[in-house]
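One structure is given below, encoded as structure tokens.
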Protein chains: 2
Amino acid sequence: MSNNLRVDPRVIRTRALLGNALVECVAESGFESLTIQEITARATLNRATFYLHYRDKNELLEDVFERLIGAAIPPPPAEGISIDPREPICAMLEHVSQYAEFYRAILGEQGVPFFMKRMRTKISPIIGAWLSRAPGMTSPAGDPPEVIITYITSAYLGVISWWLENDRPLSSDEMVEELLTITSGGVLAYLEKQKTG
Amino acid sequence: MSNNLRVDPRVIRTRALLGNALVECVAESGFESLTIQEITARATLNRATFYLHYRDKNELLEDVFERLIGAAIPPPPAEGISIDPREPICAMLEHVSQYAEFYRAILGEQGVPFFMKRMRTKISPIIGAWLSRAPGMTSPAGDPPEVIITYITSAYLGVISWWLENDRPLSSDEMVEELLTITSGGVLAYLEKQKTG
DNA sequence: CACTTTGTCGACACGCTGTTGATTAGTTGC
DNA sequence: GCAACTAATCAACAGCGTGTCGACAAAGTG
């Protein structure tokens, strides 16, 4: 437990190499057919070394994701602090932009379902914190219903994936505006805005 | 080409056996770690027989899905015929209910991304046909923008998955109503309805 | 009944996996 | 700097699922 602090520079180096190799490999040729041989080859490491750190490539992916997203997005809004979802959502969009090929590969058709769930857990609390303070939100049960959080989270995740697959035709800010318009006002508000805008 | 009509009863039988075996196996233990050995064993067929019909388990899954969904859902609305999405969406919900364990496994955390895309292609045209005739929809470009179709389709798919994972707390009709409320009026309309309802 | 197609069976090489034991390289505390 | 420790390397191994093959049996077709 005490040596779990990973102080040894070799461990840090090895995991960084593995992580970078994973991101590169995934961006190039996806995750599913990716082998541990390829990852370690790209990382210029021995295959056996991989197993000293991770059980399989899923575990490596999780570790990489937490490191990436942790460096980009502040930890989930603790207790309904941020009312405005613009900032965190925009940060999320710019983060996936930075690793566009990686996220495109991993969220797209050849993607990784459990990774999508991980991304959900990043988006979901943002939406939850927003809704729990929404203007009209004073329902008997204090928390917003799960359905609508699922609805919005799934929509955002899907649109992010679409955005990546289409080479990000809109800027992060524009995307956020579109998303928020649809979310709060629905199709009708969105189409109305399209006409006037 | 002429014998591609699959008239031979043995072919029909074999593919049916493989399809049923796949559905059962997936419902029990997911798709990812499922082997062709297991499928053919469950189907009481020889492993080599599998390769006479499909290249891999993905191909079998596609075939099964098209057969299942084709029998349940009418082919995608040809040219903006159905304005009301209630009927096809409800049919979709009842269909996935019928094979709940299968769809739960294949849409959930251990799911299959390319399958989700396939489901998208079933939902997407329904949404498109709806929006292209929506009351406020008279935008310069005749077709509804891709973003919003992606938004709604992803939301529906996510909610369907949530619905399955939570053992379908609401009926198909109730789900459709909830979905349509959020979709057309957005969060505000939904929360408003929650209060009064 | 002859002919064709499908399914069965055993076997094979292939590739990736996860692990092991011995060895080398690098790090830390004294 | 040296000794003790830990991490990384390397070769090798068995295991498993794959995809394919050829020979044979079984079922369908005209």
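Here is how names work: the chains are called A, B, and so on, in the same order as the sequence lines, proteins then strands, and each is numbered from 1.
Here the side chains of B:N58 and B:F115 are not in contact, with every heavy-atom distance at 4.5 Å or above. A:R42 places a side-chain heavy atom less than 4.5 Å from the side chain of A:C25.
Between B:K57 atom NZ and D:dG19 atom P there is a gap of 10 Å when expressed in whole angstrom units. Between the C1' atom of D:dA4 and the CG atom of A:D8 lies a distance of 14 Å, rounded to the nearest Å. In this structure, the CD1 atom of B:I12 is 17 Å from the P atom of C:dT5, given to the nearest Å. Distance, B:L52 CG to C:dC9 P: 14 Å, rounded to whole Å. The nearest whole Å value for the distance from the CZ atom in A:R47 to the P atom in C:dT20 is 13 Å. Atom CG in B:L34 sits roughly 11 Å away from atom P in D:dG17 (whole-Å rounding). If you measure from atom OH of A:Y51 to atom C1' of D:dA7, you get 18 Å, rounded to the nearest angstrom. Per the geometry, CD1 belonging to B:I39 stands 8 Å off P belonging to D:dT18, to the nearest Å.
Close to D:dC16, at under 4.0 Å from its OP1 or OP2, lies no side-chain N or O of B:T35. Within the structure, every side-chain polar atom (N or O) of A:H53 is placed at least 4.0 Å from both OP1 and OP2 of D:dA7. For A:T14 and D:dA7, the shortest distance from a side-chain N or O to OP1 or OP2 is not below 4.0 Å.
Residues A:T183 and A:Y156 bring a donor and an acceptor atom of their side chains to less than 3.5 Å of each other.
Residue A:L45 has its side chain nearest to D:dA8 when only D:dG17, D:dA8, C:dT27 are considered. Side-chain proximity of B:Q37 to C:dT6, C:dT27, D:dG17: nearest is D:dG17. When the nucleotides C:dC9, D:dC10, C:dT6 are ranked by their closest atom to the side chain of B:N46, C:dC9 comes out on top.
With hydrogens and angles left out, the side chain of A:R10 and the base of C:dG26 share a donor-acceptor pair within 3.5 Å.
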message: salt bridge (charged side-chain N to carboxylate O under 4.0 Å, His left out) for B:R118 and B:E62? Distances and angles first, verdict last.
response: CA-CA 8 Å; B:R118 279 305 181 99; B:E62 287 193 47; 2.3 Å; yes

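Note on B:T49: a base of the nucleic acid sits closer than 4.0 angstrom, heavy atoms only.
Look at B:K122 and B:E66 and you find a salt bridge, because one of the NZ, NE, NH1 or NH2 atoms lies within 4.0 Å of a carboxylate O, short of that distance.
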